[in-house]
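The structure under discussion appears below in the form of structure tokens.
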Amino acid sequence: MVAAILLSALAMSAIVGVRYLLASGGFALATRIRQPGLYRGLERQMRREIGWSLASALIYGVPAGVVAWGWQERGWTRIYSDVGDFPLWWLPLSVLLYLAAHDTWFYWTHRWMHRPRLFRVAHAVHHASRPPTAWAAMSFHPWEAVTGAVVIPALVFLIPIHVGALGCVLTIMTIMGVSNHMGWEMFPRWMVRGPMGGWLITATHHQRHHDQYNCNYGLYFRVWDRVCGTDKGLGDFRRVGDFRELGEFKKMDA
């Protein structure tokens, strides 16, 4: 049993790692095509981002592998494969619930990571990407990677979800995580600056977090930022050479 669980964890780590390389690599290629020269001079930073991200993938794979084994071999989770087990309206609702729960967890752990001591110990790894690139979405210190790795595996024990809907959640998580760090906005202006953009997070919103540090902590939605008064609106994108260096941790208060 132990060997089977270890193999499952290694397999999931490999899947997460390949997913990261494909997604971040795809968005990095899109950046090269749409924004030529944007990442020029950041080769060393991007190699560091890839290294931290692959280490994070290994960490993410451990709880995912345990859960995958428990689902298949013991039926531990509330993941179901027969679409008829729940009403059809539950499919989109379960996706929304997972995104809302994940966003809540991310917002509060992210704010926590911005406490000065925790920032220095862990979260500074992520913010060492100045400016962030498409490779930075999973560039975390191992302690921070642990906080991100447990949330979805925990939710599958609490909220029923079809295996296909879970795949949808993971796809959205990957796309949002990578696209929010690209350094340019891929979504149209009418969406970003219209009513929809008032509630959804895109790269333009997350850019301000990387500029100012003490705002815009959410992952998918701006709800918690608005409720807690930490939403400082949309950021702007500057050339790499003009990216403003912030003082040592002076804006990292929660």
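Numbering of residues begins at 1 and proceeds along the displayed sequence. Note: hydrogens, waters and symmetry copies are ignored here, and every other heavy atom, side chains too, is used.
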(message) Any side-chain to backbone donor/acceptor pair from R226 onto G198? Under 3.5 Å, distance only.
(response) yes
(request) Sequence neighbours left out, what passes side-chain contact (heavy atoms from CB on, under 4.5 Å) with W71? Give chain and number order. (result) T77, I79, V163
(request) To the nearest 0.5 Å, tell me how far D211 CG sits from D236 CG. (result) 6.0 Å
(request) State the NE2-CD distance between H126 and E144, to the nearest 0.5 angstrom. (result) 7.0 Å
(message) With a 3.5 Å distance limit and no angle check, can you tell me whether Q45 reaches the backbone of Y39 through a side-chain donor-acceptor pair?
(response) no
(message) On a heavy-atom basis, which atom in R208 and which in G233 lie closest, and how many Å separate them?
(response) CD-O, 3.9 Å
(request) List in chain and number order the residues that pass ring pair (Phe, Tyr, Trp, His ring centres under 6.0 Å) with Y98, two or more places apart in sequence or in another chain; answer none if no residue qualifies. (result) none
(message) Rounded to the nearest 0.5 Å, what separates atom CD1 in I59 from atom NE2 in H141?
(response) 9.0 Å
(message) Within the 4.5 Å heavy-atom criterion, are L200 and R222 side-chain neighbours or not?
(response) no
(request) Please list all pairs passing the ring-ring contact (aromatic ring centres under 6.0 Å, His included) test where one or both residues lie in residues 182-202, with sequence neighbours left out. (result) none
(message) With a 4.5 Å cut-off on side-chain heavy-atom distances among I, L, V, M, F, W and Y, is there a chain of contacts connecting Y60 to V67?
(response) yes
(message) Checking the side chain of N180 only, and the main-chain atoms of M176 only, is there a donor and an acceptor separated by less than 3.5 Å?
(response) yes
(request) Specify the closest pair of heavy atoms between R130 and H127, including all atoms of both residues, with the distance to one decimal. (result) CG-O, 3.4 Å
(message) For W52 versus S139, what's the shortest heavy-atom pair and its separation?
(response) CB-OG, 3.6 Å
(request) Sort out for me which residue in D225, N216, N214 forms a side-chain hydrogen bond (donor to acceptor under 3.5 Å, both in side chains) with T230. (result) D225
(request) Return the minimal non-hydrogen interatomic distance between S129 and E49, and the atom names on each side. (result) OG-OE2, 2.7 Å
(request) Return the set of residues passing side-chain contact (heavy atoms from CB on, under 4.5 Å) with R74 (not counting sequence neighbours), or none when no residue passes. (result) M1, W69, W76
(request) Answer yes if V151 and F157 sit in the same cluster of Ile, Leu, Val, Met, Phe, Trp and Tyr residues linked by side chain heavy atoms under 4.5 Å apart, and no otherwise. (result) yes
(message) Going by side-chain hydrogen bond (donor to acceptor under 3.5 Å, both in side chains), name the residues that satisfy it together with T204, two or more places apart in sequence or in a different chain.
(response) E185
(request) Please round to the nearest 0.5 Å and tell me the distance separating atom OG of S179 and atom CE of M186. (result) 4.0 Å
(request) Tell me, please, which residues at least two apart from V150 pass side-chain contact (heavy atoms from CB on, under 4.5 Å). (result) W105
(message) Are the side chains of V223 and V227 in contact, using a 4.5 Å heavy-atom criterion?
(response) yes
(request) Could you pull out all residues at least two apart from P36 that satisfy side-chain contact (heavy atoms from CB on, under 4.5 Å)? (result) none
(request) Using ring pair (Phe, Tyr, Trp, His ring centres under 6.0 Å) as the criterion, list what pairs up with W108, not counting sequence neighbours. (result) W224
(message) Counting C-beta onward and ignoring hydrogens, is there a side-chain heavy-atom pair between L118 and W112 closer than 4.5 Å?
(response) yes
(request) With sequence neighbours left out, write down each residue that passes side-chain hydrogen bond (donor to acceptor under 3.5 Å, both in side chains) with H206, or none if nothing qualifies. (result) H181, H210
(request) Mind running side-chain contact (heavy atoms from CB on, under 4.5 Å) on M138 and V16 for me, showing each step along the way? (result) CA-CA 10 Å; M138 289 182 64; V16 174; 3.9 Å; yes
(request) Please tell me if the side chains of H205 and V192 come closer than 4.5 Å, counting only heavy atoms from C-beta onward. (result) no
(message) Distance check, rounded to the nearest 0.5 Å: L97 atom CG versus H102 atom NE2?
(response) 14.5 Å
(message) Show the nearest heavy-atom pair for residues S94 and I161, with the distance to one decimal.
(response) OG-CG1, 3.8 Å
(message) Count I, L, V, M, F, W, Y as connected when their side-chain heavy atoms are under 4.5 Å apart, and connections chain through other members. Are F140 and I15 then in the same cluster?
(response) no
(request) Spell out, yes or no, whether I175 and Y220 are grouped together once hydrophobic residues are joined by side-chain heavy atoms under 4.5 Å, including indirect joins. (result) yes
(message) Looking at M196, I'd like to know if its CE atom is crowded, meaning that more than 12 non-hydrogen atoms belonging to other residues, nucleotides or ligands lie closer than 6.0 Å.
(response) no
(message) Pairing donors with acceptors under 3.5 angstrom, does anything connect the side chains of Y213 and H114?
(response) no
(request) Would you check if the side chain of H209 reaches a backbone N or O of C215 as a donor-acceptor pair within less than 3.5 Å? (result) yes
Would you list the atom pairs, donor with acceptor, under 3.5 Å between side chains in residues 17-27 and any protein atom, with sequence neighbours excluded?
unit_1, atom_1, unit_2, atom_2, d
R19, NE, T174, OG1, 3.3
Y20, OH, S53, OG, 3.3
Y20, OH, W135, O, 2.8
S24, OG, Y20, O, 3.4
S24, OG, A134, O, 3.0

Let me check something: any side-chain donor-acceptor pairs from residues 80-90 under 3.5 Å, sequence neighbours excluded? List them with distances.
unit_1, atom_1, unit_2, atom_2, d
D82, OD1, G84, N, 3.0
W90, NE1, P160, O, 2.9

(message) Just so I know, are the side chains of L219 and L99 near enough to count as touching, which here means a heavy-atom distance under 4.5 Å?
(response) no
(request) Say whether L158 and L93 are linked into one hydrophobic cluster, either directly or through other cluster members, by side-chain heavy-atom distances under 4.5 angstrom. (result) yes
What donor-acceptor contacts under 3.5 angstrom involve side-chain atoms of residues 166-173, with partners at least two apart or in another chain?
unit_1, atom_1, unit_2, atom_2, d
T171, OG1, G167, O, 2.8

(request) Might you point out which heavy atoms bring Y217 and F106 nearest each other, and give the distance in Å? (result) O-CE2, 3.2 Å
